[in-house]
Number of protein chains: 2
Amino acid sequence: MVPKVTSWDVARMAGVSRTTVSMVLNKSETVSLSDETRRRVLQAASDLGYKPNSAARMLVRGDTETIGLIISDPAILPIDAFIPQLMHGISQCNREHGYHVLLEGITAGNSANPYESMVESRRIDGMIVLNPRSDDPNLRDLIDRGYPVVLVGSVRHPDELSVNFTTSEGISAAVENLVGLGHRKIGTVPFCRAGLIGTDVRLAVLRRELANHGIELPDSHVEHANFSAESGHHATRRLLERHPDITAIMAGNDTIAIGCISAAHALGRSVPEHLSLVGFDNLPFSPWLTPALTTINVDASLQGKIAAELLIKRLRGEPITERQIKLPTSLVLRASTAQVT
Amino acid sequence: MVPKVTSWDVARMAGVSRTTVSMVLNKSETVSLSDETRRRVLQAASDLGYKPNSAARMLVRGDTETIGLIISDPAILPIDAFIPQLMHGISQCNREHGYHVLLEGITAGNSANPYESMVESRRIDGMIVLNPRSDDPNLRDLIDRGYPVVLVGSVRHPDELSVNFTTSEGISAAVENLVGLGHRKIGTVPFCRAGLIGTDVRLAVLRRELANHGIELPDSHVEHANFSAESGHHATRRLLERHPDITAIMAGNDTIAIGCISAAHALGRSVPEHLSLVGFDNLPFSPWLTPALTTINVDASLQGKIAAELLIKRLRGEPITERQIKLPTSLVLRASTAQVT
DNA sequence: CTGTTAGCGCCTTCAC
DNA sequence: GTGAAGGCGCTAACAG
């Protein structure tokens, strides 16, 4: 079907030995080859469309030039646009560095250690794990054993390699904005129940920032959603029906914010006239929602890129200065927040 | 770091030969092994956490149990939620069948044949190509050579394996709905310029369906966007400024529809009171937009699943009855269309 | 039922 | 500068 061309064919065509072919192609420095030989080999290789068989190469070299991209809960992949942005950053960076990306999903219920088979089968050199549960013992174990892992999220392991956002600036700015507009009764719709690092710290930070302004965030002002617009809609309804006096909501992400807007409408309140709304993530569509969404900006693609760079550094044994990288966030002021009426 | 355990270790622990181990693990039928032996081997393998080294296995068996997922224009990955849904379907199906997914992006500008290196390096057994350009010669060549490819999209090759939607029912129903509501001046904002099978056929179908109702779709009623809400916003503005008498718009996808809504608002028209809007894709967030989006439903996840199944069938040499699979579409009526005023 | 043997295609010393 | 030889870990004949 596709004619199998081996280093043998290249060698014969260039009139040299397979050793020479290998040396030229791997830019080996152990011996000095004539430019002429080098050129002939390269020429033959390109004429034949030769690419070294990756399996053979993996076997002998012991690495795969592939990293695993582990999606902790693949069901949210189609739901929230954050992961695709991350993936884009990751795959782009990997391509630049000559790495491939193997996509793996792990589903929550699975009893066995889901990482073990990925590690043991040696299909990948290391992995980037998206949204790990912050108490995942298998992951902590993997890190303990020194396997190359980079987390987008955290398991609170002192040695972990991870890339996250310092949510404080963004949330602080949002709170400041809201309070400045006269809001005192503020609710929030986190993107999932406790257990992911994102929810936990964001909620804590929000609470702290509100406290700085003398505002309390009682548990009843927190209504959990589940990444999706649908869940955001329902959570907001519950929240607003319980506390009609809430005048502003911090949504866990921009997708949830979509649901907040429609929930408010369903209750006869419009955004921002009767309810101010702040999103989180600044997704590409967020400026174009109606009303344009005020949100906390994070650079998901950059996060992905940096995670990939970190892992590649690790794989290549380069020195790593910062093990837990924090990226900044900022408030993007648009039309979904307004003076309280 | 991670202790390397080989079939040798398993053999020794179980007190058998490596052959036996291999046979047990691959459920070889050529010989009949005693249940006791089988059990001992399995036990040892599991105790040791043994997984066959995938590189060695690939090398000797000549396949990789991996399929390539080729994203033609990776930049749209973070923009439009359609691809993530597809990916979800694909990766799920592959997992069920024991295949892995290698993610590859090809960027338009790249001069060389981007598929060649994937094929030659033998990292994958076959590929699913998302959104190929319908005139991609490299892809046609690959199909000619009998390489296992499944297209999500089409290159109009008679032998291609592809999975697409029969857009007619959905568009026909949408047109019927719009016309029934009294709309006569209808515009459209396709999701990209010509060249992708989706745009080309959808536009043709729309034109035909409108013609059935005696309505013309002049070129000036078509304003191309580029997958994103932003592009949808700008295209809609251009369209509406040029033709203020347009009362209904068919958006190329739901993300673009977001931009249509805000563009209408910016021009002082609200949806659906002053402009009816029909989306395409029925993304998870679409029911929760304000107004809830009337749209054409496609099951992207199913499309992915079927594409994966088709490829796996092909790889396993199973008979393929339908080479070009068409999935149905349907109109989902919600709140973004209304009687023309 | 088990062990021996021969590669899969490549990379890497090591002599020439 | 080049060729021969060994081995990465596994599978699949083929004999015992």
Side-chain angles (χ1 to χ4, degrees), chain A residues 2-42 44-45 48-66 117 119-125, chain B residues 2-42 44-45 48-66 117 119-125:
Chain A
V2 179
K4 188 175 301 196
V5 21
T6 73
S7 67
W8 230 96
D9 301 313
V10 180
R12 195 171 30 212
M13 182 164 180
V16 299
S17 70
R18 299 215 308 301
T19 310
T20 311
V21 171
S22 174
M23 289 183 147
V24 170
L25 263 34
N26 296 304
K27 308 193 199 349
S28 168
E29 298 295 349
T30 57
V31 290
S32 53
L33 313 222
S34 77
D35 283 357
E36 168 57 12
T37 308
R38 203 179 292 275
R39 199 195 53 71
R40 278 221 315 283
V41 171
L42 258 17
L48 262 30
Y50 170 75
K51 292 278 167 192
N53 176 309
S54 61
R57 178 180 218 142
M58 285 178 201
L59 188 55
V60 67
R61 304 215 316 197
D63 64 12
T64 64
E65 298 182 309
T66 302
S117 69
V119 172
E120 280 305 326
S121 70
R122 289 169 196 285
R123 230 170 244 281
I124 54 178
D125 295 344
Chain B
V2 180
K4 188 175 299 195
V5 22
T6 74
S7 66
W8 230 97
D9 301 312
V10 179
R12 194 171 32 211
M13 181 163 182
V16 299
S17 72
R18 298 215 308 301
T19 310
T20 310
V21 172
S22 173
M23 289 185 149
V24 170
L25 263 35
N26 296 306
K27 309 196 203 336
S28 167
E29 299 294 348
T30 56
V31 290
S32 54
L33 313 222
S34 76
D35 282 357
E36 168 56 15
T37 310
R38 203 180 291 277
R39 199 195 53 71
R40 278 221 316 282
V41 171
L42 257 19
L48 262 32
Y50 170 74
K51 292 279 166 192
N53 176 310
S54 61
R57 176 179 222 146
M58 285 178 201
L59 188 54
V60 67
R61 303 217 314 198
D63 64 13
T64 64
E65 299 181 308
T66 303
S117 69
V119 172
E120 280 304 327
S121 71
R122 287 167 198 286
R123 230 170 243 281
I124 55 179
D125 295 343

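From a predicted model like this one, the values you see are computed outputs, not experimental measurements. Both backbone and side-chain heavy atoms feed into the values below; hydrogens, waters and symmetry mates do not.
Rounded to whole Å, the distance from CZ on A:Arg38 to P on D:dT2 is 10 Å. Here the C1' atom of nucleotide D:dG9 and the CG atom of B:Leu48 are 15 Å apart, to the nearest Å. The CG-P distance, from B:Leu25 to D:dC10, rounds to 10 Å in whole Å. Atom-to-atom, CG of A:Asp9 to C1' of C:dG9 comes out at 11 Å; the value is rounded to the nearest Å. Following rounding to the nearest Å, A:Glu120 (CD) and D:dC10 (C1') show an atom-to-atom distance of 15 Å. Between the P atom of C:dC10 and the CG atom of A:Asn26 lies a distance of 11 Å, rounded to the nearest Å. One interatomic measurement links the two molecules: CG of A:Asn53 to C1' of C:dG9, which rounds to 6 Å at whole-angstrom precision. With rounding to whole Å, A:Trp8 atom CH2 is found 16 Å from C:dG7 atom C1'.
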When you look at A:Met23 and A:Val16, which way does the side-chain contact (heavy atoms from CB on, under 4.5 Å) test go after all the steps?
CA-CA 11 Å; A:Met23 289 183 147; A:Val16 299; over 6 Å; no

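An angle of 40°, rounded to 10°, separates the two end axes of the helix from C:dC1-D:dG16 to C:dC16-D:dG1, each defined over five pairs.
Of the residues in residues 54-64 of chain B, those with a non-hydrogen atom less than 4.0 angstrom from any atom of DNA chain C are B:Leu59, B:Val60. For DNA chain D, the residues of residues 11-19 of chain A within the heavy-atom distance limit of 4.0 Å (strictly under) are A:Val16, A:Ser17, A:Thr19, sorted by number.
The closest donor-acceptor contact from the side chain of B:Arg122 to the backbone of A:Asn53 lies at 3.5 Å or more, if one exists at all. The backbone N or O of B:Arg18 sits nowhere less than 3.5 Å from a side-chain atom of B:Ser7 that would complete a donor-acceptor pair.
When all heavy atoms of B:Val10 and B:Ala45 are compared, the closest pair comes out as CG1-N, 3.9 Å. When all heavy atoms of B:Gly15 and B:Arg40 are compared, the closest pair comes out as O-NH2, 4.0 Å.
Side-chain contact of A:Ser22 with A:Thr19: a donor-acceptor pair under 3.5 Å is absent, judged by distance alone.
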